[in-house]
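See structure below.
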Amino acid sequence: MQYGYFDDEMREYVITRPDTPYPWINYLGCDEFYGLFSNTSGGYCFYRDARMLRLIRYRYNNVPTDSGGRYFYLKDGDDVWTPTWKPMKSKLDRYECRHGMGYSRISSARNGLAYSQTSFIPLGDKCEIHKITLTNESNADKNIDMFSFIEFCLWNANDDMTNFQRNFSIGEVEVEGSRIYHKTEYRERRNHYAVWAVNVPVAGFDTDRQTFLGLYNGFDEPQVVFKGEADNSIASGWSPIGSHHIKTKLSAGESQTFVFVLGYCENPEDDKWENAQQAASGIINKKPANAMLEKYSTAEAADKALAALNDYWKNLLGRFTVEAEDKKMARMAGVWNQYQCMVTFNMSRSASYFESGIGRGMGFRDSNQDLLGFVHLVPERARARILDIAATQFPDGSAYHQYQPLTKRGNNEVGSGFNDDPLWLIFGVAAYIKETGDYSILDEKVPFDNDETLADTLFVHLQRSFNYTLNNKGPHGLPLIGRADWNDCLNLNCFSKTPGESFQTTANFESGIAESVMIAAMFVFVGPDYVELCRRVGRNDKAELAEKAIAAMVEAINLHGWDGNWFLRAYDAHGKKIGSKECEDGKIFIESNGFAVMAGIGLEDGRAQKALDSVKEHLDTPYGIVLLQPAYKEYHLELGEVSSYPPGYKENAGIFCHNNPWITIAETMLGRGTRAFETYTKICPAYREDDSDLRRMEPYVYAQMVAGKDAERFGEAKNSWLTGTAAWTFVSISHFILGVRPVYDGLLIDPCIPANMKSYSVTRHFRGADYHITVDNGAGVEKGVKSITLDGKPFEGKVLPVFGDGKVHQVVVVMG
Ligand code: BGC
Ligand code: NOJ
């Protein structure tokens with residue numbers, strides 16, 4: 001069944017009941033301050049780094065689920081309730097949550113009292129705004145007590161959940177009128193604090209959790225609220241919270257609006273205190289807070305900030321729009337998929353309802369892939385990101401697998417040795433240049449391993465990336481896998497027997513021979529971009545060498561990477577095949593087949609088609625394509641984490657959505673538009689909206705994984721939001737199915753669609769001009785462009801020129 005619907009006009013997903021099959025969340029914020037926001041107002045916010053600078057506490061994997069958030073309690077006479085449903089799970093007469101682009105709005109009502117909460121993070125500011133309107137819809141006057149509630153996180157989210165012997169003694173707050181300041185550790189080494197404020201006078205406040213809730217009470221039983229009277233408690237250690245008590249009288253029909261602001265403020269080191277003498281008394285300098293709160297002190301000001309945010313998104317999403325009869329595809333490709341790409345670009349894999357914000361930093365591979373779906377939105381940010389990523393590369397071309405966003409340094413705990421990583425940099429840079437035509441990025445001087453003395457041009461970085469693969473080949477002339485390739489769980493040199501050991505960093509058996517056919521195919525796929533870039537910077541010598549190296553790799557794949565009906569996956573540390581008909585389990589894998597066909601291997605001799613037909617035959621399911629078959633039933637020391645998961649989950653034969661678009665793209669290479677579209681729709685959440693009880697995750701965003709056919713819960717999704725699926729599906733639908741693809745010299749038009757898709761149109765902003773493209777498939781073909789008319793004149797070829805003239809250009813494409 002469905003728990004809501006898409007409001008396409010408003011670009012909102014409207015959730016119509018609060019008890020969704022899992023918390024359905026949204027992200028607030030687009031640059032440095034972010035919030036996670038569930039459909040019942042759960043979640044938290046942070047400045048730049050979800051681990052180091054978290055403002056409010058959130059309890060992952062708690063009971064009940066989704067514990068912690070910005071809560072508001074209403075006391076209407078004797079009736080105490082929470083208008084966002086949680087935490088009291090109040091019975092509501094009305095409920096609706098609209099998740100929009102960077103904002104969410106929850107509206108509800110009970111006993112004639114209506115509530116509306118609009119939550120967002122204004123552009124360029126470090127705060128969440130919660131604009132709340134209460135309306136008396138009854139015929140009688142109402143005396144309402146409203147209590148706000150947040151629980152402060154003592155900044156470092158990891159410490160906050162573990163180091164209680166210290167934390168219970170350090171909490172400090174300051175209260176001034178309607179403003180509650182959280183200043184734990186400000187007296188010592190921090191120069192930042194949080195403020196939680198409301199724009200009206202308060203009747204009282206609380207800052208001590210135990211006082212507000214009662215020691216043995218949950219969020220659903222706050223004793224202060226039931227009493228109807230704040231205690232004006234000042235936290236001293238233990239758990240500082242922020243609660244305002246507002247008393248208000250609403251006559252029949254009357255509305256009142258309150259603006260709550262939760263902000264992050266920083267002071268210069270020498271200006272931390274109100275004045276020098278007050279350092280000892282500990283009164284913080286409130287200048288930045290005053291300035292921030294001044295800005296959002298009225299409902300009108302909050303509305304204006306929201307309008308600016310709406311304009312920002314309207315403008316961004318105007319860069320690629322789709323109109324089609326298939327509304328599900330149009331809304332996903334035109335709105336939600338791009339929105340998710342922005343979120344993955346911003347968050348990498350750090351903070352979601354499945355990523356705790358304290359673990360992984362930015363992934364080298366992940367961030368390069370995230371660029372693919374984001375670069376058309378804000379190319380300048382993609383450029384800066386590329387330079388950050390490249391600066392963590394090692395001089396030999398290898399890469400730290402992850403780096404920390406605050407320090408931008410490679411992460412030693414995980415280290416390097418994921419041998420696909422270097423090649424992703426070429427992908428990212430090529431995508432950026434195809435989008436922008438900005439070759440100057442190749443001349444940028446970028447450090448290696450963050451060491452300025454080792455700096456060289458970005459072009460040299462790409463050269464080292466390319467050569468890293470060539471310098472690390474195994475006995476079959478295929479690339480060595482190292483710790484793993486794209487499949488983090490294919491740990492062929494690991495051989496771990498010790499519980500708890502990391503599969504990714506343990507190497508008990510450095511064979512020096514385990515090889516990856518997937519990296520080989522990736523090399524052949526991305527190699528031509530490297531060749532092209534060499535040519536464009538005048539290095540024909542390097543281009544020629546690279547071409548030879550690519551040809552040799554194709555040869556190695558042909559000789560040692562083909563299994564008769566599909567491409568092999570790898571050779572293990574003993575030189576045994578993985579992903580072969582000879583194997584008992586794991587006979588066929590998705591990744592090498594997708595990449596080999598995307599690279600064009602076997603297109604001429606029928607092997608490409610055979611490989612994709614085998615994928616369909618062995619791996620396809622109604623919910624997408626599983627990663628491998630048969631699932632590993634037991635733990636294999638020589639394979640690592642892939643065999644550690646129960647059959648059907650994650651990399652062990654789950655539907656790992658991230659790699660499904662590779663098959664989609666590969667199918668378009670064969671011109672099979674119907675099949676390409678089928679693989680696209682199977683993992684696309686909008687197509688499973690009415691199956692939400694099984695799928696469970698948000699119907700407006702992709703999930704990393706859907707349980708595969710071997711799993712007990714076949715069809716159930718997990719790990720929504722932060723996944724490379726977002727970028728790759730956007731590439732597959734926009735570049736390869738709808739066929740509007742930036743290339744070095746222009747915009748290539750090359751659709752591959754189901755025969756029954758008769759027409760569609762796309763607008764694409766590209767290098768300073770807008771292309772309005774309508775595609776007519778009256779002929780009912782799957783691929784092939786018969787004619788193109790550009791601004792009313794016949795146009796030869798398929799690559800539209802770069803206009804850069806700020807104008808709209810009309811393009812009519814007739815397929816046939
Ligand atoms: C997950 C992968 C992840 C890896 C490294 C595995 O358990 O399945 O998706 O990349 O751990 O953190
Ligand atoms: C998730 C990781 O973020 C991604 O980099 C990896 O490729 C997949 N897991 C597959 O293991």
Side-chain angles (χ1 to χ4, degrees), residues 340-341 343-352 354-357 359-373 389 392 399-403 405 411 414-425 427-428 481-492 494 502-505 516 518-519 521-522 525-526 569-570 578-579 586 589-592 594-595 624-628 631-632 639-645 649-663 683 702-708 717-729 731:
Q340 188 178 356
C341 285
V343 172
T344 56
F345 180 85
N346 287 334
M347 297 289 130
S348 190
R349 304 297 170 267
S350 72
S352 72
F354 297 87
E355 300 281 5
S356 62
R360 297 200 252 172
M362 312 283 287
F364 191 95
R365 173 202 300 138
D366 293 328
S367 294
N368 275 302
Q369 288 178 89
D370 293 344
L371 281 173
L372 307 176
I389 302 171
T392 66
Y400 280 108
H401 195 47
Q402 291 165 6
Y403 71 97
N411 180 344
V414 186
S416 109
F418 294 75
N419 283 352
D420 63 316
D421 273 338
L423 291 175
W424 291 107
L425 185 64
F427 264 88
I481 196 168
R483 292 189 164 165
D485 58 22
W486 172 88
N487 188 334
D488 283 314
C489 301
L490 201 57
N491 315 117
L492 303 185
C494 172
S502 156
F503 288 102
Q504 275 79 38
T505 57
S516 162
M518 181 197 163
I519 301 181
M522 248 185 99
F525 182 56
V526 76
R569 180 61 177 85
I578 297 174
F589 281 63
I590 190 171
E591 306 100 309
S592 46
F595 257 98
I625 304 164
V626 299
L627 194 145
L628 61 87
Y632 294 108
L639 298 178
E641 189 168 2
V642 66
S643 61
S644 76
Y645 285 114
Y649 291 107
K650 296 282 281 182
E651 280 87 342
N652 188 12
I655 298 157
F656 213 92
C657 300
H658 183 150
N659 50 36
N660 277 229
W662 301 343
I663 300 299
I683 62 158
Y702 287 92
Q704 183 207 54
M705 188 216 45
V706 174
K718 284 197 190 103
N719 304 7
S720 55
W721 285 96
L722 302 186
T723 161
T725 315
W728 274 106
T729 47
V731 169

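Start at 1 and go down the list; that is how both ligands and their atoms are numbered. Predicted model, so just to flag it, every value in this text is computed and none were measured.
- If you look at Phe418 and Trp424, their ring centroids are not closer than 6.0 Å.
- Checked by distance only, ligand 2 and Asp366 come closer than 3.5 Å through their nitrogen or oxygen atoms.
- When only interatomic distances are considered, the shortest N/O to N/O separation between Arg365 and ligand 2 falls below 3.5 Å.
- Between the side chains of Gln504 and His401, no donor-acceptor pair is found at a separation under 3.5 Å.
- Near Phe656, the atoms of ligand 2 lying under 4.0 angstrom from a non-hydrogen atom of the residue are 8 (C), 9 (N), 10 (C).
- Ligand 2 lies less than 4.0 angstrom from a heavy atom belonging to Gln704.
- For the ring-ring contact (aromatic ring centres under 6.0 Å, His included) test with Trp486, the passing option among Phe525, Phe427, Phe656 is Phe656; the others fail.
- Residue Asn487 has at least one heavy-atom neighbour below 4.0 Å for each of these atoms of ligand 2: 11 (O).
- Residue contact check: Glu651 has heavy atoms under 4.0 Å from atoms 9 (N), 10 (C), 11 (O) of ligand 2.
- Among all heavy-atom pairs drawn from Ser516 and Asp485, the shortest one is OG-OD2, 2.7 Å.
- In this structure, the side chains of Leu627 and Phe589 come closer than 4.5 Å at one or more pairs of heavy atoms.
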